[in-house]
Structures are given as structure tokens and as C-alpha cells.
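Nothing fancy with the numbering, it's 1 onward along the sequence.
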Amino acid sequence: MAAKKGKTPYIVAVADFLKAPSIEHVDVSAYAGQPGDTIRIRVTDDFAVKAVTIRITNDDGSLVEESEAQPDAIGYEWVFTATQTNDNLVGDKIEIFASDTPGNISYNKQVL
């Protein structure tokens, strides 16, 4: 773990422990309910984001799919790629869970 100038590794670790990742932007514009469609999520953390999970449910609460997004080459955006067909998007919920190494979890919900 690298510490910035003036901060010890201990201070960096404690700060990371106390702060959950930040879900800054969710882009659902490329998601039309077809396999291969993507959802892009920008997540940051003061140290590192460990995982980003996406859950898509229909308006009646039934699960369409749930899977982990993959980090892009830069590391600030995560990309979820759909594997299931979702015929009716009206009222569907896209839930995003982002976690860091200490286990802090952030949550965001988008309604289509």
C-alpha cells in the first residue's frame, strides 16, 4: 500500500476502512435488454474498488440477472455485459453494489 506524502500507510488503511466506494455515474444508455448490451459504472475509492455487482429486476421484482461488472483498462469504470434477454424494460430496476477491500459497500439504484 503506497501512502501519499505526509500520510503513513496506517493512516491510509484507516481512512479506507472508514470510507465506502463512491458510485459517481451509471450509464445505462447502451442497455436495451439484449445479450451483449453494456452498463458502464464509474466508481472511485480512496484506495481501491474490489468489486462491482449489478442486479437487474423486472418491475414485478423478478430477477432478470445478477453478475459482477469487470474493470475497464483505466480502472475507474466498470462494465457489466448482459447475458439474458429482458423484453420489457419499463419500470425495471438496475441495482449497483460497489465494495472495497475492507468490505464497505455502496449502493445505487436506477429505474428504467
Side-chain angles (χ1 to χ4, degrees):
M1 173 181 325
K4 292 182 181 179
K5 185 177 181 179
K7 293 186 178 182
T8 67
Y10 175 78
I11 291 172
V12 172
V14 169
D16 187 38
F17 180 78
L18 296 173
K19 185 175 180 225
S22 175
I23 300 170
E24 296 181 356
H25 182 72
V26 179
D27 181 2
V28 297
S29 65
Y31 180 72
Q34 299 302 311
D37 290 354
T38 60
I39 298 171
R40 298 185 73 80
I41 309 100
R42 186 174 316 125
V43 182
T44 59
D45 188 59
D46 52 356
F47 186 66
V49 177
K50 182 177 179 182
V52 176
T53 302
I54 305 293
R55 178 187 304 146
I56 302 173
T57 54
N58 287 318
D59 64 344
D60 66 1
S62 61
L63 181 66
V64 175
E65 67 180 301
E66 181 173 357
S67 181
E68 285 195 14
Q70 300 302 311
D72 69 358
I74 298 171
Y76 285 110
E77 286 198 341
W78 293 69
V79 181
F80 166 82
T81 304
T83 61
Q84 303 296 315
T85 300
N86 186 3
D87 293 325
N88 184 3
L89 303 180
V90 177
D92 283 8
K93 294 182 194 105
I94 298 176
E95 297 175 285
I96 301 100
F97 303 87
S99 63
D100 61 8
T101 303
N104 298 311
I105 297 174
S106 293
Y107 173 79
N108 185 291
K109 178 174 71 173
Q110 304 284 316
V111 179
L112 300 178

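When the side chain to side chain donor-acceptor pair (under 3.5 Å) test is applied to Ser62, the partners found at least two apart in sequence or on another chain are Asn58, Asp60. Residues satisfying the side chain to side chain donor-acceptor pair (under 3.5 Å) criterion with Asn86, sequence neighbours excluded, are Tyr31, Asp92. By the ring pair (Phe, Tyr, Trp, His ring centres under 6.0 Å) test, Phe97 is found to be paired with Tyr107, residues two or more places apart in sequence or in another chain being considered. Considering only residues two or more places apart in sequence or on other chains, Glu95 meets the salt bridge (charged side-chain N to carboxylate O under 4.0 Å, His left out) condition with Arg55. For Asn88, there are no side chain to side chain donor-acceptor pair (under 3.5 Å) partners two or more places apart in sequence or in a different chain. Among residues two or more places apart in sequence or in another chain, the side chain to side chain donor-acceptor pair (under 3.5 Å) test is passed with Thr83 by Glu65.
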Evaluate the side-chain contact (heavy atoms from CB on, under 4.5 Å) criterion for residues Gln34 and Thr85: first the C-alpha distance (whole Å), next the side-chain angles of each, then the deciding distance (0.1 Å), finally the verdict. CA-CA 5 Å; Gln34 299 302 311; Thr85 300; 4.1 Å; yes
Show, in sequence, the C-alpha distance, side-chain angles and deciding distance for Ile41 and Ile54, and conclude whether the side-chain contact (heavy atoms from CB on, under 4.5 Å) test is met. CA-CA 10 Å; Ile41 309 100; Ile54 305 293; 3.5 Å; yes
Stepwise, does the salt bridge (Lys or Arg N to Asp or Glu O under 4.0 Å) test hold for Asp72 with Arg40? CA-CA 9 Å; Asp72 69 358; Arg40 298 185 73 80; 3.6 Å; yes
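Val52 places none of its side-chain heavy atoms less than 4.5 Å from the side chain of Glu68. Within the 4.5 Å cutoff, side-chain heavy atoms of Ile56 are placed close to those of Phe80. For the pair Asp45/Thr101, no side-chain contact is recorded, criterion being any heavy-atom separation below 4.5 Å from C-beta on. Using a 4.5 Å heavy-atom threshold, the side chains of Thr53 and Glu66 count as touching. Proximity of Thr44 to Glu24: side-chain heavy atoms (C-beta onward) are separated by under 4.5 Å at one or more points.
For the residue pair Ser99 and Pro21, the shortest heavy atom distance occurs at C-CG, 3.7 Å. Of all non-hydrogen atoms in Ser29 and Asp27, the two that sit nearest each other are OG-OD1, 2.6 Å. Across all non-hydrogen atoms, the minimal contact from Ser106 to Ala20 is OG-CB, 3.4 Å.
One hydrophobic cluster, built from ILVMFWY side chains closer than 4.5 Å, holds both Ile39 and Leu112. Following chains of ILVMFWY side-chain contacts shorter than 4.5 Å, one can reach Ile23 starting from Val28, so the two form part of one hydrophobic cluster. In this structure, Val26 is a member of the same hydrophobic cluster as Leu89, with clusters built from ILVMFWY side-chain heavy atoms closer than 4.5 Å.
A distance of 10.0 Å separates CD of Glu77 from OG1 of Thr38, quoted to the nearest 0.5 Å.
Between Asp59 and Lys93, no side-chain nitrogen of the basic residue sits less than 4.0 Å from a carboxylate oxygen of the acidic one, so the salt-bridge criterion is not met.
At distances below 3.5 Å, not a single donor-acceptor pair connects side-chain atoms of Thr57 with backbone N or O atoms of Leu63. Between the side chain of Asp100 and the backbone N or O of Asn104 there is at least one donor-acceptor pair closer than 3.5 Å.
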